[in-house]
Amino acid sequence: MTRRHPHVVHLAEVAVVDDPHGTFAPRERYLAEAAGGRQLGCSHVVLAPGCKAYPFHYHCANEEAIYVLAGTGIARIGDQRIEIRAGDYLAFPVGQATAHQTINTGSVPLEYLCLSTQHATEVVGYPDSGKLGASHYEVNADNSLRAVVRERFFERDAVDYWEDEPDS
C-alpha cells in the first residue's frame, strides 16, 4: 500500500506490536510514530476479554488520555474502579493520584486510542509492585528513537544520595 503522505497513516498500514506477559496482552499499533509524530503520541490498542493493557502505573512527566472506540471494561484510576465503554474519554494527568490501568471485563475486544505527551525524560511509578522506572530517549539521525536510559528499580532498594560516592 502506497502512503499518501509521510505524515498520514492508515491503521492497516501500521504493524501490530504483540508482546503478551500473562494477562497483560495489549495489541498495539503505534500510529503517531508511524506518521512521524514527535511531541504527541497515539497508539491504537485492542485488549481481548480478560486482559489488561499494562501494570497499574503513573507518570511524572507525560500526560496520557484514552478514548474508547468499542467494547467495555474497567479503568483503575487511583483507588477507584470505573466502568468504561465506547465513547468514554479518560484523562490521566501526571502524578500518583492518577495511577491507572485498563482491564477488559467484557465479552468482546476493548478497543481504544491511547494518546500522550512525549517528553524525552520520564519517571513512571508502579504502585502494585513498588517499582520505579526511569527513561530518556534521544532522536537518531534517521529520526528514529534510541533509549539512552531505560531502567526499572524496586523502591525498597533506594540508597542515600551520598552512598558510595568517593570523597563523601
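Here the structure is a predicted model, which is why all the values come from computation and not from measurement. Residues take their numbers from the sequence shown, with the count starting at 1.
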For residues 77-90, pull every pair meeting side chain to side chain donor-acceptor pair (under 3.5 Å), keeping only residues two or more places apart or in separate chains.
none
Which residues pass the side chain to side chain donor-acceptor pair (under 3.5 Å) test with H136, not counting sequence neighbours?
T121
Residue pair P26 / V45: nearest heavy atoms and the distance that separates them:
CB-CG1, 4.1 Å
Looking just at side-chain N and O atoms, do S116 and N62 make a donor-acceptor pair shorter than 3.5 Å?
no
Kindly check if the number of other-residue, nucleotide or ligand heavy atoms within 6.0 Å of CD (E165) is above 12?
yes
Quick one: do the H44 and E28 side chains pair a donor with an acceptor below 3.5 Å?
no
Taking CG in D157 as the centre, count heavy atoms belonging to other residues, nucleotides or ligands within less than 6.0 Å. Is the count above 12?
yes
Shared-cluster residues of Y161, by chain and number - hydrophobic side chains joined below 4.5 Å
W162
Nearest heavy-atom contact between A25 and P20 is CB-CB, 3.9 Å
Is there side-chain contact between I103 and Q101, with at least one heavy-atom pair below 4.5 Å?
yes
Could you label the plane-to-plane angle of the H57 and H59 rings as parallel, tilted or perpendicular, counting under 30° as parallel and over 60° as perpendicular?
perpendicular
Decide if atom CD of Q118 counts as having more than 12 heavy atoms of other residues, nucleotides or ligands within a radius under 6.0 Å.
yes
Nearest heavy-atom approach of I84 to A75 is CG2-CB, 3.9 Å
Taking the side chain from R29 and the backbone from L11, do they hold a donor-acceptor pair closer than 3.5 Å?
yes
Salt bridge (Lys or Arg N to Asp or Glu O under 4.0 Å) partners of R146, counting only residues at least two apart:
E138
Is it true that Y67 and V9 fall in one hydrophobic cluster, defined by side-chain heavy atoms closer than 4.5 Å?
yes
Residues passing the side chain to side chain donor-acceptor pair (under 3.5 Å) test with D160, sequence neighbours excluded, are none
Side chains of C42 and L31 in contact at under 4.5 Å (non-hydrogen atoms)
yes
Shortest non-hydrogen contact between F92 and E63, atoms and distance:
O-CG, 3.4 Å
Between the CD1 atom in I82 and the CD1 atom in I74, the distance rounded to the nearest 0.5 Å is 8.0 Å
Considering residues at least two apart in sequence or located in another chain, which fulfil the side chain to side chain contact (heavy atoms under 4.5 Å, CB included) criterion with P127?
F56, Y58, A99
Residues joined to V46 in its hydrophobic cluster, side chain to side chain under 4.5 Å directly or through other members, sorted by chain and number, are none
Which ring pair (Phe, Tyr, Trp, His ring centres under 6.0 Å) pairs, counting each pair once, include a residue from residues 106-130, with sequence neighbours left out?
none
Heavy-atom side-chain proximity of L110 to T72 below 4.5 angstrom:
no
Rest of the hydrophobic cluster containing Y30 (Ile/Leu/Val/Met/Phe/Trp/Tyr, side-chain heavy atoms under 4.5 Å)?
V17, Y54
Salt bridge (charged side-chain N to carboxylate O under 4.0 Å, His left out) partners of residues 105-134, not counting sequence neighbours, each pair once
R76-D128
Over all heavy atoms of both residues, which pair between I77 and L90 is shortest? Give the atoms and the distance, please.
CD1-CD2, 4.3 Å
Can you name the residues that form a side chain to side chain donor-acceptor pair (under 3.5 Å) with R27, not counting sequence neighbours?
D18
Among E151, E155, R152, side-chain contact (heavy atoms from CB on, under 4.5 Å) partner for L132:
E155
Taking all atoms of both residues into account, what is the closest heavy-atom pair of V8 and R3, and its distance?
O-NE, 3.0 Å
Suppose we screen for side chain to side chain donor-acceptor pair (under 3.5 Å). Which residues come up paired with T98, at least two apart in sequence or across chains?
none
Do F24 and P55 have side chains that get closer than 4.5 Å, going by heavy atoms?
yes
